[in-house]
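Lettering of chains follows the sequences in order, A, B, ..., and the numbering in each one begins at 1.
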Protein chains: 2
Amino acid sequence: MLKTLRVPEATVTRLSIYSRFLERLDRNGVTTVSSGEIAEGVGVSPAQVRKDLAYFGEFGTRGVGYNVKDLLKYTLKILGLDQEWSLAIVGAGNLGFALCTYRGFNVRGFHIAGVFDNDPTRIGKRIGHLEVQPLERFPEIVQSENIRIGVIAVPISAAQEVADLMVKNGLEAILNFAPVALNVPDHIEIRNVDLSVKLEILTFNLAFRAAQSL
Amino acid sequence: MLKTLRVPEATVTRLSIYSRFLERLDRNGVTTVSSGEIAEGVGVSPAQVRKDLAYFGEFGTRGVGYNVKDLLKYTLKILGLDQEWSLAIVGAGNLGFALCTYRGFNVRGFHIAGVFDNDPTRIGKRIGHLEVQPLERFPEIVQSENIRIGVIAVPISAAQEVADLMVKNGLEAILNFAPVALNVPDHIEIRNVDLSVKLEILTFNLAFRAAQSL
DNA sequence: TATGTTATGTGAATTTAATAACATGAGATC
DNA sequence: GATCTCATGTTATTAAATTCACATAACATA
């Protein structure tokens with residue numbers, strides 16, 4: 001079933017989006033869907049949808065389409081979301097707080113197993129069922145909760161230090177919200193989420209493209 | 001100075017990142033930088049940096065490099081950040097709250113001119129210098145504050161409705177944090193930020209690629 | 001059971017983006 | 001002021017991603 005080709009990251013990105021769209025269809029009781037409907041629903045081309053899925057196997061029925069429940073199950077499995085992943089969030093400021101309560105993190109196989117900060121005014125504060133822990137307890141909780149993924153939600157100035165701590169404690173992947181390139185060993189999976197980049201794409205399009213067309 | 005070529009969005013994305021890196025260099029008193037140093041600092045190739053800049057003109061000096069202050073100024077100008085942009089954030093939940101206080105939104109030419117919600121328990125709440133406004137005041141404040149960009153920080157179920165409201169009130173660009181594809185007219189610039197996609201790229205890499213190499 | 005319809009899966013063609021390689025020119029050195 | 005060094009700007013090359021187009025197969029219908 002699983003072909004052994006290099007899968008473009010853009011394909012994985014879209015797979016995640018298809019997957020969430022399928023969840024919605026499923027909740028609405030839709031049982032069958034075509035590549036065209038998925039494409040329409042998420043804003044890509046039908047060929048793109050089929051090509052993306054083709055990296056991983058054949059999931060549809062010619063002349064019919066895809067079974068929503070099945071395809072959802074497959075996409076979740078491909079993304080590794082058929083298992084639960086424990087996360088550690090470091091940084092309990094406004095962003096860390098928002099991430100702790102973010103549904104997208106809590107419903108799709110993710111379990112926030114620890115929130116950490118080194119600011120005494122934040123330690124002990126409750127966020128939902130969680131309590132902000134001092135950074136000193138990071139190693140212990142990572143181990144006891146079997147945490148493999150870390151989320152960095154601290155200011156730029158502290159980000160590298162936190163990344164180092166994560167690497168040192170054996171985390172395998174890092175999601176970094178600080179707008180800075182972090183230095184980590186090659187075997188660590190790291191991705192950055194920069195909240196303002198997309199905003200600046202918008203201003204570029206409004207300002208620059210507008211200026212060009214004059 | 002401004003060449004008239006289609007600029008890849010990936011280039012604009014990187015430009016935004018270069019720009020922030022240059023800000024940091026400038027704060028640290030660095031006056032000159034090479035494409036190699038920028039590349040190193042943000043995690044791309046030197047050729048990529050030069051290629052990206054070449055879309056917009058010649059900013060460096062051969063044999064020397066780029067003047068940090070000048071290049072920063074140019075990149076900001078290209079991104080449209082030499083002017084101030086007023087934003088409206090709709091949704092004053094945890095995410096909306098975090099965005100209001102997010103430095104990246106507040107320092108680089110952006111001015112949050114209004115936060116809106118329709119939940120009575122949130123209306124009137126203060127977020128920094130802002131006060132959460134009822135959605136009814138959206139048209140009035142958009143007009144008086146000259147708001148051109150809207151940020152959607154509401155749940156999926158309300159996102160399309162909010163987008164419609166933004167379009168109807170003449171906003172030109174939308175940054176959407178709800179994980180759903182929104183329907184807007186072609187002349188509206190829209191970009192989605194999906195907080196969990198990157199997380200799922202990480203789990204894909206940990207789970208799927210790990211399974212393949214077995 | 002044959003025929004028509006429909007949507008998949010895929011190989012080829014096209015477009016787009018990234019990398020490599022090099023000619024150019026600015027400044028430094030002697 | 002001639003020469004050398006260095007990093008840019010740019011062209012050529014390679015690689016990658018997307019789109020196109022169609023053969024294929026499943027189902028429905030008569």
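A straight line from CD of Glu58(B) to C1' of dA26(C) spans 13 Å, rounded to a whole angstrom. Between the C1' atom of dT8(C) and the CG atom of Asn67(A) lies a distance of 15 Å, rounded to the nearest Å. Regarding Glu9(B), its CD atom lies at a distance of 13 Å from the P atom of dT18(D), rounded to whole Å. As a whole-Å value, the separation of Leu53(B) CG from dT10(D) C1' is 13 Å. The nearest whole Å value for the distance from the CG atom in Asp52(B) to the C1' atom in dA18(C) is 10 Å. Between the CZ atom of Arg6(A) and the C1' atom of dT18(D) there is a distance of 15 Å, given to the nearest Å.
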Indicate every side-chain donor-acceptor pair of residues 17-27 of chain A with a distance under 3.5 Å to a residue at least two apart or in another chain.
residue  : atom : partner   : partner atom : Å
Tyr18(A) : OH   : Asp52(A)  : OD2          : 2.6
Ser19(A) : OG   : Arg108(A) : NH1          : 3.4
Ser19(A) : OG   : Arg108(A) : NH2          : 2.9
Arg20(A) : NH1  : Ser196(B) : OG           : 3.0
Arg20(A) : NH2  : Asp194(B) : OD1          : 3.1
Arg20(A) : NH2  : Asp194(B) : OD2          : 2.4
Glu23(A) : OE1  : Arg108(A) : NH1          : 3.2
Glu23(A) : OE2  : Arg108(A) : NH1          : 3.3
Asp26(A) : OD1  : Lys69(A)  : NZ           : 2.9
Asp26(A) : OD2  : Lys69(A)  : NZ           : 3.4

Enumerate donor-acceptor pairs with a distance under 3.5 Å from any side-chain N or O in residues 79-91 of chain B to protein atoms, sequence neighbours excluded.
residue  : atom : partner   : partner atom : Å
Trp85(B) : NE1  : Gly80(B)  : O            : 2.7
Ser86(B) : OG   : Glu145(B) : O            : 3.4

Distance-only donor-acceptor hits, side chain of residues 166-182 of chain A, under 3.5 Å, sequence neighbours excluded:
residue   : atom : partner   : partner atom : Å
Asn169(A) : ND2  : Leu165(A) : O            : 2.8
Glu172(A) : OE1  : Arg148(A) : NH2          : 3.1
Glu172(A) : OE2  : Arg148(A) : NE           : 2.8
Asn176(A) : OD1  : Ala178(A) : N            : 2.8
Asn176(A) : ND2  : Ala178(A) : O            : 3.0
Asn176(A) : ND2  : Val180(A) : O            : 3.1
Asn176(A) : ND2  : Asn192(A) : OD1          : 2.8

Can you name the atoms? Protein N/O to nucleotides 27-30 of chain D N/O, anything below 3.5 Å, with the distance.
none

* **Chi angles and distances behind the side-chain contact (heavy atoms from CB on, under 4.5 Å) call for Phe56(A), Leu15(A)** => CA-CA 11 Å; Phe56(A) 304 97; Leu15(A) 214 61; 3.7 Å; yes

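Using a 4.5 Å heavy-atom cutoff, the side chains of Ile38(A) and Leu71(A) are in contact.
Separating the CD1 atom in Ile141(B) from the CG atom in Asn146(B) is a distance of 13.5 Å, to the nearest 0.5 Å. For the atom pair CG of Asn118(A) and CG of Leu135(A), the computed distance is 5.5 Å after rounding to the nearest 0.5 Å.
Here Arg50(B) does not reach the OP1 or OP2 of dC22(C): none of its side-chain N or O atoms lies under 4.0 Å away. Close to dG9(D), at under 4.0 Å from its OP1 or OP2, lies a side-chain N or O of Tyr66(B). An OP1 or OP2 oxygen of dA17(D) is reached within less than 4.0 angstrom by no side-chain nitrogen or oxygen of Gln48(A).
Annotation: ring pair (Phe, Tyr, Trp, His ring centres under 6.0 Å) contacts of Tyr66(B) (sequence neighbours excluded): none.
Ion pair Glu200(B)/Lys198(B) not flagged as a salt bridge, since none of the NZ, NE, NH1 or NH2 atoms sits closer than 4.0 Å to an Asp/Glu carboxylate oxygen.
Contacts with DNA chain D (heavy atom under 4.0 Å) in residues 24-45 of chain A: Ser45(A), listed by number.
Mapping Ala47(B) and Arg14(A) onto DNA chain D by nearest heavy atom places Ala47(B) at the nucleotide closer to the 5' end. Checking Thr11(A) against Gly63(A), the closest nucleotide of DNA chain D that is more toward the 5' end is the one next to Thr11(A).
Between the base of dT10(D) and the side chain of Lys51(B) there is no donor-acceptor pair shorter than 3.5 Å.
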